[in-house]
Q: 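I am attaching a structure below and will ask some questions about it afterwards.
Since the model is a prediction, treat every value here as computed from it, not as a measurement. We name chains A, B, ... by the order of the sequence lines, and we start the count at 1 in each one.
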Amino acid sequence: MNKFIEAISALENNYVNEWKNRGGRVVGYTCAYVPDEILHSAGLLPFRVRGFSAADTTIGDTYFGPFICSLPKCMLQLAGEGKFGFLDGIIITPGCDSMRRLDECWRKAGDDIEGIIPGFFFHFGVPHKFTDYTVKWFTEETKRLIGALNSHFGADINNDKLSESIKLYNRSRELLARFDSLRTREAPPFTGTEALGVVLAGTALPREIYNSILEDYISEMSEAPGIPGRSRIMLVGSANDDLDLVRIIEGSGGLVAADNLCFGSRLYSDFVDENINPIDALVARYLSHNECPRMYGDYKKRLLSLKEKIKSANIDGVILQNIRFCDLHGSENGLFERDLEKEGIPCMRLEREYGPLVETGRMKMRIDAFLERLDRRMVPR
Amino acid sequence: MRKELREYNFDWMLCNAFASAARLKSGTEKEYLNTLKYIPYFKGVVEPIMECGEPGRKFLDMSSKYLENIINAKERGLKTAATTFCFSPAIFYAMDIIPVGLEVISVMMTFTYKRGTADFLDFCNEAGFTETSCSSQRGTIGAYLAGVGAEIDMIVTDSPGVCDTNANAFAFASAYLDKPFFQLDMPPDLTGARSNEYHREDYKALIKFLEEQTGKKLEIEKLKARLDELHKQDIIIAELEEMARIIPSPIPVTYNLFLYASRFLFAGMPECTEVLESMLKTATENAVMKRPGLKGGQEKIRAFFCYIDHYAQNLQLWQMLEREGISYCGNILSRLWAENVPHVKVYGKEEAAYRVDTSSLDSMIDTLAGINSRMPMIKSIRGPYDAPNMWLEDTLALAKMYSTDIIVYNGTPGCRNTWGMVKLLARDTEAAGYPTYIMYSDAFDERVQSWEATEERFLEFLKVRRII
Amino acid sequence: MITAGCDIGSLTAKAVILKDKKIIAREIIRATARPEQSALAVMELACATAGIDMKNIERLVGTGYGRKHIPFVNSVESEILCHARGAFHQAPGTRTIIDIGGQDAKAIKINNKGEVIRYVYNDRCASGTGRFLEIIADSLDIALEDMGALSQKSTEILTISNQCVVFAETEIISLINEGKEIPDIISALHKAVANRAASLVRGIGPEPDAVMTGGVAKNSGMFAALAEALGIDLKPVADPQINGALGAALIAEDTLSGKK
Amino acid sequence: MITAGIDVGSLTSKAVIMKDGKILSSIIVKSKPRPWESADIVINSTLEKTGLSMTDIICCVGTGYGRDKIPFIKQAVSEIACHAKGARWLMPSARTVLDIGGQDCKAMRLDEKGEMVKFITNDKCASGTGRFLEVMAKVMGVELSDLGELSIRSKNPVTLASACTVWAQADVIQHLNERTPIEDIAAGINNAMASRMSTLVSSIGIEREVCMTGGVAKNSGVVTALEKALGIHIKRIRKDDPQLAGAIGAALYAEAVSNGERI
């Protein structure tokens, strides 16, 4: 576990440092719709940009307006403070309106603050639905990205390399699926806080290393004694890389046994087809991946996959959280609440701020009340 | 939601309000003045519009006609489609579908009612829709979610890739009401072969969807008729725009609103053409007489709004512009991108414009795809604000071409997109020499900041920056 | 030539009397609920100090929050203009002015002629204003003017996350419950206000010299926190609290001497 | 059976001693900086009133902001649960409970058995909290309790320019300066409060009966303003002080706890 925590408790962790010292280059990205495999096959270290550890949003508020999600504001804050100095490149997508504007805000902050713009700065246009012509667009967009990486980093991405990377990442997905199944046990061997830590580490570590520590961890955990007798919570909604949010829930006596967060299970659910052309396979996996409400018109599919998880992980209650101003998750949470409560699954919507703006006292009050509600409906253990 | 609001359909009531307003002038002047006494709140809308003479009257007519279509759709056996202001309705009319444009109806309510759309805004929370979402859709969709309006058969928008809160409002509605949903998705770039093909394929899929929903094939002749009418409108609009460049501008301040409203409501329909024609008539008279459109007769400054207007009850924004002698050089909503409009010609932006070509079905589909992908907001807010053909380029170009003295931003707190870049835009427009004012109000919800407060700060800006 | 400026804020009323651009009186009193009363009181006080009669004042300009309600002014000017004028006079090198007032915070940019090029108010809520400090000082029941000195004693770094004044109050209550020290809480508070103000200033691209005006500038802790948050050198002005009134008096002077 | 409930809020602390579902004594005091101090004060003075001693109390449950820091309680229960239970005791027909405390505003929906099905709290901005009214009353120099009576006499209420407590306050000062009739200002304040609350309540969906607890429930002006905004009747609580709801709920939970029920 320590290895994982070590990897995520500092932006520029030891593995990244080693990587850099060996002359390796790191490319950051803001959204789960960017295929890591491509960066990996270019010999680059993919790094999922986070907003954690920002102490305030002074710089963020300078460029973003007042009615914007605090996650990209924190990311910009860190960028402005030079905390992402180790990045050789950054890929920004129209994941959502707040996040896509990180593109301009980061660039403009670069006019005012020396040396905060990575040498490689790429806007990756991900469509908002899955059909033949959006697949065509996304394929071209993916090729455009590959071309740009090749020319900027002198990489030579080809089908063989891609297939190799896909195998490696599918291996991760396979391990993480096993890891997930441990959480579905009557008494899971680890907390949700630890689980988030494990998954997060994957966004900040060289994949080869990650797979091996992950494998050890899983075999170790399969024998470990479980944590019994807690209300099993599923955490749903806006991006969350903040262990403390999960800590508050578990501190109040819950156990987060499943999630569908884009810093969580969304990263590894669905495999990439190894038997077709690698680019087509990547496009198919990443664009058909409809867990994020940014993909319009897919609500029913998302509800279904949520229900399946609730069943398989034997969930007692669902916490539907969204960062303030995240309308995509916020209002989809409203639909989830309606449709899940209808089937007797207790839900709580939780609007929160990200990072430095979180106020634990008030969050705790709401979470306690929800857990009490769950306890009352549960047979005494 | 308050129970009395459930007793009558809101769109039916709104329709009657506008219908009677349109008829006000049919009696004697004395009768007219007397009636005004009985509509204290609505008076403020009726008067300034009626003062515009024929165009005003036709505008009220057109508005009530639009709502009438909605409430009678079922009797006429027609399907209704909830859609957005930045979606050209021509295709709906060509396929006998009645468009229900959420934002335009929100505007009507915000203008007319003392409480604006507050009750329906709040009902959205009740339905589980976020309070932080854009008030322009929330104001009206709330009423349809609550079932106090005409029945909606399908939901069609074109904002994915452009505006999340917009697209999300329609996504929510389709899931909540369990109605079929189609979205045109916009790529980050406007021009180029890739985008053109994407727009075309997307639009073909839309037509297929509409054919499935109506069970009728798209009739080429009907479509041609709509597009010919739309072309006619483009020509009038181009003339109006050309006149708007004259100093002092012969265009009355409210014409900006009339222009975009009629296009959003009845693009490709005679109802729209009529309003535009009578606008052109008065504007031309003004131009010939060298008379400014401002009632005060003196144009102190010219203002360009780089986003939308403020719809606070009783056209208070327009009344203020009149009072202060500020000519209205239009906003992002009133700028259409037909190949013949001045700003396309002057800047050689044919590639970013659309061409009406009715020679074949394919050419007509390309035309429609072109029109939609170049609708206000859809065109210029999709990519980075400083990319070619996007917000900054358009704003600076239009400000220059219409010799504006200041640039004003007004939107809604729900607008992640522009609030994510407006500070950057303002920096650049200021650097380009345009004093730029950012309003922190909500165009559709006075509870955020009262119009009085908004106006006071704006006037202070004009003074402190030595503009007036 | 004798001119005067009268600045009626939400907390204090200030008056400045100028004789040929030299300050012959400057007075500050606590504002009462009625601005006209405050205005009269502070003007009479100033006249007494200057040893003149009200009617000797050739032109009087009012500004500040209650400016619309001062009966005896010749004209009123916005706080933006007055603070710009005052700061430009007190420190001609000034290009950026940060005024943290009772009700709102402003950042003003002026050119080498002292004309306002850009300005911005804090948006939509009162976080980062003088009220923020005042309300908290109130609930900690310590004097506003002691905050600076107290914050110097701070040993532990705390953060106040809440941006809403009223909730920040709650947050502070829980900090006290956790047994945190008052000086640490206050310096955290200064940091919070400074950060809000700083992002305001960065928005208009601050240029040296930057000065801080308004009563809050007298709070050494606040001044230091803002300087740090801005990362640029912040210069003190001789008399920050009367800067607005001084500006008003100077504008009166300008009008008489035909300058605009 | 004798039980006690302690509700230590950020502004006021309350205690209730109950015997078999009847209130023996209760108290409301201004909170001390340290929650345990407040807790001691309220429990001791309620005991005094009844002449009972701590040992007579079979079980004591704590709630409110400082609940985890009360030494002598058997268990801490969240204020949301306690307010719901207390409200239900004060008004058995309640299905929607609105509690406006000093620092926040809660809305709770209960099922017919009184189990909580949905709740929401506001915590982004203090508009719509008791604190909002307190600040305004202070500015106007009137008693918080008079705000209601005043507003009812209003002919044309003012509209506040902003919902922000501090700016609204500036607005109120402005109106005072403009000699606006004080009842119109009061009404404006209550309307602002009500419109903020109605937005909040609407998000959990209202079911009858609706009742209000917490200090603000005593402000008839806000209650009527809210009735107008929501267009529904709010049933007034007569049984006991609505501000005690949290403490009452805690005392009732205490009874449940000592009966070995799981909370």
Q: What part of B:Glu460 lies closer than 4.5 angstrom to a heavy atom of chain C: side chain, backbone, both or neither?
A: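 Backbone plus side chain of B:Glu460, per the 4.5 Å heavy-atom cut-off to chain C.
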
Q: Sequence neighbours excluded, which residues qualify as side chain to side chain contact (heavy atoms under 4.5 Å, CB included) partners of B:Leu462?
A: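 Here the qualifying residues are B:Ile301, B:Ile326, B:Ile406, B:Phe458, B:Leu459, B:Ile467, B:Ile468.
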
Q: Please check if the side chain of B:Arg465 supplies one atom and the backbone of C:Tyr119 the other of a donor-acceptor pair under 3.5 Å.
A: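 Between the backbone of C:Tyr119 and the side chain of B:Arg465 there is no qualifying donor-acceptor contact (under 3.5 Å).
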
Q: More than 12 heavy atoms of other residues, nucleotides or ligands under 6.0 Å from CD of B:Glu452: is that the case?
A: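 Yes, enclosed.
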
Q: Would you say B:Lys300 has more than 12 foreign heavy atoms packed within less than 6.0 Å of its NZ?
A: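 Yes, enclosed.
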
Q: For B:Arg427 and C:Ile204, indicate whether the former's side chain and the latter's backbone hold a donor-acceptor pair under 3.5 Å.
A: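 It does not hold such a pair.
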
Q: Nearest heavy-atom pair of C:Val116 and B:Arg466: which atoms, and what distance?
A: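 Answer, listing the atom of C:Val116 first, then B:Arg466: O-NH1, 3.3 Å.
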
Q: For salt bridge (charged side-chain N to carboxylate O under 4.0 Å, His left out), just list the numbers for B:Glu456 and C:Lys68, CA-CA rounded to whole Å, side-chain angles, deciding distance to a tenth of an Å, and then say yes or no.
A: CA-CA 13 Å; B:Glu456 194 182 345; C:Lys68 293 208 194 72; 2.9 Å; yes

